[in-house]
2 protein chains.
Amino acid sequence: MSRKYIDNPNACTLVHTMNTIGNKWKPIILYLLSQGPLRFGMLNLLVPTISKKVLSTQLKELENDDLVSRTAYAETPPRVEYALTQKSKGLLPILKALSEWAEITYPEIDFEQCRIADHQLKEE
Amino acid sequence: MSRKYIDNPNACTLVHTMNTIGNKWKPIILYLLSQGPLRFGMLNLLVPTISKKVLSTQLKELENDDLVSRTAYAETPPRVEYALTQKSKGLLPILKALSEWAEITYPEIDFEQCRIADHQLKEE
DNA sequence: ATTTGTGGTAACCTCAGAGTAACTATGTCT
DNA sequence: AGACATAGTTACTCTGAGGTTACCACAAAT
C-alpha cells in the first residue's frame, strides 16, 4: 500500500479547520465582520435567527481561536465591539473562494432566499 | 443601517458550502480521493476511525451533491470505486488553501499526530 | 458444508450543539 | 419609583449527527 493516512497530514489540518470554522454560524459571523467591526446587538440583528446564547458562544470560541477580537467599552449601557484579527483576515480570500465555488457549482440554488432575513431588520 | 443581511448573499453561499462539506469526515474523504479513485474498503482502511455506516452515509451524500462518483462493478465479491467529479475537483485548490492557512495560522499545533492512524493500517 | 471477502443495511443508542425563556447588572431617563 | 437599553448568563429541553453491533447477498475457495 503506497498511499497511507500517514502520508496525508494535510487531511488533518483540514479536519482542524472544519472543527474551527465549519459550523452553522461561524462563517457567516466572520463574513459579516469582514466589512468592519460590529457590536453584539448588531450581529444579532444581522443574523436574526441566531439566539443570544449561541451568538455569545460562537464569539467566545472565535475569540479563543484568535479569529475575533473583543473590545468592551466601560459605558452604560455596555458597548462591546467585535472585529477580525490578523489570523481571520488571512481566511477571507479563502471564504470568498468557497462562496464563489458554491455559486458556480450549484447554479440551480437560489442563494438570494436569505433575503427573508431582511423582514426582521429595522432601519438604523 | 447601511449594511444588511440582504446585501450579503455571499454569506448564504458560505453557509451552504459548510452544510455541504463542513462536517467531520467529508473534507478528509475528498482529500483522500484527490489522489485517485478508491474503493469503499480502502477508504475505510485509510480512515480507520470511521464506521462503515457513517462512511456509507457520507459517500451517499457526496454522491447526491455530485461531488463524488460511484462506480459498481458486477463482480463477486463486489467492487465499488469512488472518485472525484468535476465539481469537487474545483474544490481542491480551496481545500489546499484552507489546509495551508491552518498550518501557518496555528504553528503550535502538531498536525502530524494523525499518524497514530498508521498503526491500524496493513501493508498492501 | 462452512468459511472468506466485499459492500453494504437495520435497529438501536449517546451526547454535544443548538434552541427557549427568564433573569441579571448598571446607569440614565421620565 | 419604575421603565429602558445593552450584553450577556443560567437552567432547561430537544434534535440529529455520529457511533455500535449484528446481519445480509453472492460466489469462490477450502
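Atom set for the values below is all heavy atoms of this structure, side chains included, hydrogens, waters and symmetry mates excluded.
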Just verifying a value: how many Å separate B/N64 CG and B/L59 CG, rounded to the nearest 0.5 Å?
11.5 Å
Can you tell me if A/N23 and A/Q58 form a side-chain donor-acceptor pair at under 3.5 Å?
yes
Phosphate OP1/OP2 of C/dG27: any A/R79 side-chain N/O under 4.0 Å
no
Check ion pair A/E61-A/K26 (N to O, under 4.0 angstrom):
yes
Could you check how far CE of B/M42 sits from P of C/dG8, rounded to whole Å?
15 Å
Are B/L84 and B/S34 packed together at the side-chain level, in the sense that at least one heavy-atom pair is separated by less than 4.5 angstrom?
yes
A/R39 side chain near D/dT6 phosphate (N/O to OP1/OP2, under 4.0 Å):
no
Gap between atoms CD and C1', on B/E81 and C/dG8 respectively (whole Å)
17 Å
In whole Å, what is the span from the CD atom of B/E75 to the P atom of D/dA28?
12 Å
Among C/dA18, D/dG18, C/dG8, which is the nearest nucleotide to the side chain of B/W25?
D/dG18
Does NZ belonging to B/K96 count more than 12 external heavy atoms closer than 6.0 Å?
no
Separation of D/dA7 atom C1' from A/L43 atom CG, nearest Å, is 12 Å
Taking 4.0 Å as the cut-off, does a side-chain nitrogen or oxygen of A/N23 come that near to OP1 or OP2 on C/dA18?
yes
What integer distance in Å separates B/L45:CG from C/dG7:P?
11 Å
A/P78, nearest nucleotide to its side chain (from D/dA7, D/dG8, C/dG8)
D/dA7
Less than 4.0 angstrom between a side-chain N/O of B/N44 and OP1 or OP2 of C/dG7, yes or no?
no
Choosing from C/dG8, C/dT6, D/dT9, which nucleotide comes nearest the side chain of B/P77?
C/dT6
Rounded to whole Å, the CG-C1' distance (A/L38 to D/dT6) equals 15 Å
Starting at CZ of A/R70 and ending at C1' of D/dA7, how long is that distance when rounded to a whole Å?
8 Å
Can you check the A/I50 CD1 to D/dG8 C1' distance for me, whole Å?
14 Å
Closest of D/dG18, C/dT6, C/dG8 to the B/K53 side chain is D/dG18
Of D/dA7, C/dT6, C/dG19, the nucleotide closest to the side chain of A/K52 is D/dA7
Less than 4.0 angstrom between a side-chain N/O of B/S56 and OP1 or OP2 of C/dT9, yes or no?
yes
Close side-chain approach of A/S56 and A/F40, heavy atoms under 4.5 Å
yes
Counting just side-chain N and O atoms, does A/Q58 come under 4.0 Å of either OP1 or OP2 of C/dG17?
no
Return whichever of B/T76 or B/S51 has its heavy-atom-nearest nucleotide of DNA chain D closer to the 5' end.
B/S51
Check every strand shown and say whether A/Y82 touches a base, only sugar-phosphate, or nothing at a heavy-atom separation below 4.0 Å.
sugar-phosphate
Can you tell me if the side-chain N/O atoms of B/K60 get under 4.0 Å from OP1 or OP2 in C/dG8?
no
